[in-house]
Amino acid sequence: MKLILLGPPGAGKGTQAKMLIQRYGVPQISTGDILRGAVKEGSPMGLKAKSFMDAGGLVPDEVVVGIVEERLQKPDCDKGFILDGFPRTVPQADALAGTLSSLGKNLDAVISLEVDIEALVARLAGRRTCDSCGAGYHVAYEPPAVDGVCDKCGGKLIQRDDDKEETIRKRMAVYNEQTSPLVDYYRNAGLLRTVDGMLPIDEVGVAILAQLKDFE
Ligand code: ADP
Ligand code: ADP
Ligand code: ZN
């Protein structure tokens, strides 16, 4: 199962990736998670990425392409992988195609999650993430049992710095300009499968699995 989850910020890529990794036993490769990890560690890559992320812009292609290239070569990717948040530009998509072909791998499908813009802002503004285990929540749509506390590990739920209203708007504009062309890119490659991302979380999951039946 070699997949890309494509969609604007807040579309539900991370949420559905968590379901898919359980189901197929393949790793989730989230460039956002890897970059936030690097920022937290204070590594040189993290220091370089932080200013772009805080501003709601994209980290330079060569940085993220390098991350994914390295990650895809790890043995746990032999059975497949779920790319979440990568590629985000046409040059990234071209680089991915080159990397996969040199590894002798092919993408099975690109799942495009379609969500209205107004819904995205509400999703991002209410998004919370566990500081310890990374589990995702939403204050209204996917609330934890106890406010501010992770159901899975008891960790503290935090709001991402870039999930503030002003940065959200900037990220949407960046998506429209730089990432949305990938919908046609993958449609032309014959890989695109669209899914209605406005449905409740479980129903989006069912719709994705229905699209993937041929690859199991
Ligand atoms: P979201 O899930 O809200 O779409 P991510 O967690 O995927 O956000 O990404 C957070 C930030 O990390 C992005 O706004 C961007 O600055 C950076 N980032 C993540 N993936 C990429 C990528 N493929 N290319 C460039 N920047 C990226
Ligand atoms: P992305 O990774 O695409 O940026 P997330 O998976 O982090 O998006 O989802 C953004 C927020 O919206 C999270 O708080 C999540 O709980 C919530 N969410 C995800 N999918 C849905 C859905 N289908 N309906 C309502 N809320 C959702
Ligand atoms: Zn947790």
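Remember, predicted model here, so these are calculated numbers, not experimental data.
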Steps toward side chain to side chain contact (heavy atoms under 4.5 Å, CB included) verdict (Ser132, Lys152): CA-CA 10 Å; Ser132 310; Lys152 299 185 176 78; over 6 Å; no
Test salt bridge (charged side-chain N to carboxylate O under 4.0 Å, His left out) applied to Lys40 and Asp131, step by step: CA-CA 11 Å; Lys40 211 167 167 180; Asp131 199 22; 3.4 Å; yes
Check against side chain to side chain contact (heavy atoms under 4.5 Å, CB included), Asn106 and Leu100: CA-CA 6 Å; Asn106 278 316; Leu100 289 175; over 6 Å; no
Side chain to side chain contact (heavy atoms under 4.5 Å, CB included) between Val68 and Thr99, worked out: CA-CA 9 Å; Val68 172; Thr99 302; over 6 Å; no
Steps toward salt bridge (charged side-chain N to carboxylate O under 4.0 Å, His left out) verdict (Asp54, Lys170): CA-CA 10 Å; Asp54 285 348; Lys170 168 74 174 150; over 6 Å; no
Side chain to side chain contact (heavy atoms under 4.5 Å, CB included) evaluation trace for Gln211 with Ile111: CA-CA 8 Å; Gln211 293 280 9; Ile111 301 285; 4.1 Å; yes
Worked check of salt bridge (charged side-chain N to carboxylate O under 4.0 Å, His left out) between Lys74 and Asp76: CA-CA 6 Å; Lys74 300 231 166 107; Asp76 64 337; over 6 Å; no
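Under a cut-off of 6.0 angstrom, the local environment of NZ in Lys79 is sparse, with at most 12 non-hydrogen atoms contributed by other residues, nucleotides or ligands. The neighbour count for Asn188 CG, taken as heavy atoms of other residues, nucleotides or ligands under 6.0 Å away, is above 12. Annotation: Gln159, atom CD; neighbour count of heavy atoms from other residues, nucleotides and ligands within 6.0 Å is above 12.
You'll find the side chain of Met172 reaches within 4.5 Å of the side chain of Leu124, heavy atoms only. Between Pro144 and Leu157, the closest side-chain pair of non-hydrogen atoms falls below 4.5 Å. At least one side-chain heavy atom of Arg88 sits less than 4.5 Å from a side-chain heavy atom of Leu58. Contact of the Asp147 side chain with the Val139 side chain is not registered, since no non-hydrogen atoms from C-beta on lie closer than 4.5 Å. For the pair Leu6/Leu113, no side-chain contact is recorded, criterion being any heavy-atom separation below 4.5 Å from C-beta on. By the 4.5 Å heavy-atom criterion applied to side chains, Tyr137 and Thr129 are not counted as neighbours. Counting heavy atoms from C-beta on, the side chains of Met19 and Leu209 come closer than 4.5 Å. Contact of the Pro87 side chain with the Tyr186 side chain is registered, since non-hydrogen atoms from C-beta on lie closer than 4.5 Å.
No single ILVMFWY cluster, assembled from side-chain heavy atoms under 4.5 Å apart, contains both Leu120 and Val204. A single hydrophobic cluster is not seen to contain both Leu47 and Leu35; linkage of ILVMFWY side chains at heavy-atom distances under 4.5 Å, directly or through other members, places them apart. In this structure, Val63 is a member of the same hydrophobic cluster as Phe86, with clusters built from ILVMFWY side-chain heavy atoms closer than 4.5 Å. Residues Ile29 and Val64 fall within the same hydrophobic cluster, defined by Ile, Leu, Val, Met, Phe, Trp and Tyr side chains chained together at heavy-atom separations under 4.5 Å. Phe215 and Val110 fall into different hydrophobic clusters, where Ile, Leu, Val, Met, Phe, Trp and Tyr are joined by side-chain heavy atoms under 4.5 Å apart, directly or via other members.
Rounded to the nearest 0.5 angstrom, Lys156 NZ and Arg128 CZ are separated by 11.5 Å. Here Gln178 contributes atom CD and Gln92 contributes atom CD; the two are 9.0 Å apart, rounded to the nearest 0.5 Å. Taking CE of Met1 as the reference point, atom CZ of Arg23 lies at 8.5 Å (rounded to 0.5 Å). Interatomic distance, Glu142 CD to Asp151 CG, rounded to the nearest 0.5 Å: 9.0 Å. Annotation: the span from Leu107 atom CG to Leu3 atom CG amounts to 8.5 Å, rounded to 0.5 Å. Taken from CG in Leu72 to CG in Leu83, the straight-line distance is 6.0 Å, to the nearest 0.5 Å.
With hydrogens and angles ignored, the 3.5 Å screen pairs a side-chain donor or acceptor of Arg123 with a backbone N or O of Ala11. Counting only distance, with no hydrogens or angles, the side chain of Gln16 and the backbone of Ile201 share a donor-acceptor pair below 3.5 Å. Proximity of a side-chain donor or acceptor of His138 to a complementary backbone N or O of Ala125 within less than 3.5 Å is not detected. Judged by distance alone, the side chain of Thr31 and the main-chain N or O of Gly85 form a donor-acceptor pair under 3.5 Å. Panel note: side chain Ser112, backbone Thr194; no donor-acceptor pair is recorded below 3.5 Å. Under the 3.5 Å distance criterion, the side-chain polar atoms of Asp116 are left unmatched by any main-chain donor or acceptor of Glu118. With hydrogens and angles ignored, the 3.5 Å screen pairs a side-chain donor or acceptor of Gln73 with a backbone N or O of Glu69. Arg171 places a side-chain N or O within 3.5 Å of a backbone atom of Asp162 that can act as its donor or acceptor partner. Side chain of Lys2 to backbone of Ala109: no donor-acceptor contact under 3.5 angstrom is found.
Among Leu96, Ile82, Asp84, the single residue meeting the side chain to side chain contact (heavy atoms under 4.5 Å, CB included) criterion with Ile4 is Leu96. Here the options are Met45, Lys50, Lys48, the test is side chain to side chain contact (heavy atoms under 4.5 Å, CB included), and the partner is Val39; only Lys50 passes.
Between Val174 and Gly57, the closest heavy-atom pair is CG2-CA, 4.3 Å. What you find for Pro60 and Phe52 is that their closest heavy atoms are CD-CE1, 3.5 Å. Residues Gln28 and Ala17 share a closest heavy-atom pair of NE2-CB, 3.6 Å. Residues Cys130 and Gly155 come closest through the heavy atom pair SG-CA, 4.0 Å. Annotation for Ala207 and Val195: closest pair CB-CG1, 3.8 Å, computed over non-hydrogen atoms. Taking all atoms of both residues into account, the shortest heavy-atom contact from Asp108 to Leu191 is O-CD2, 3.6 Å.
With hydrogens and angles left out, the side-chain atoms of Asp61 and Thr89 include a donor and acceptor closer than 3.5 Å.
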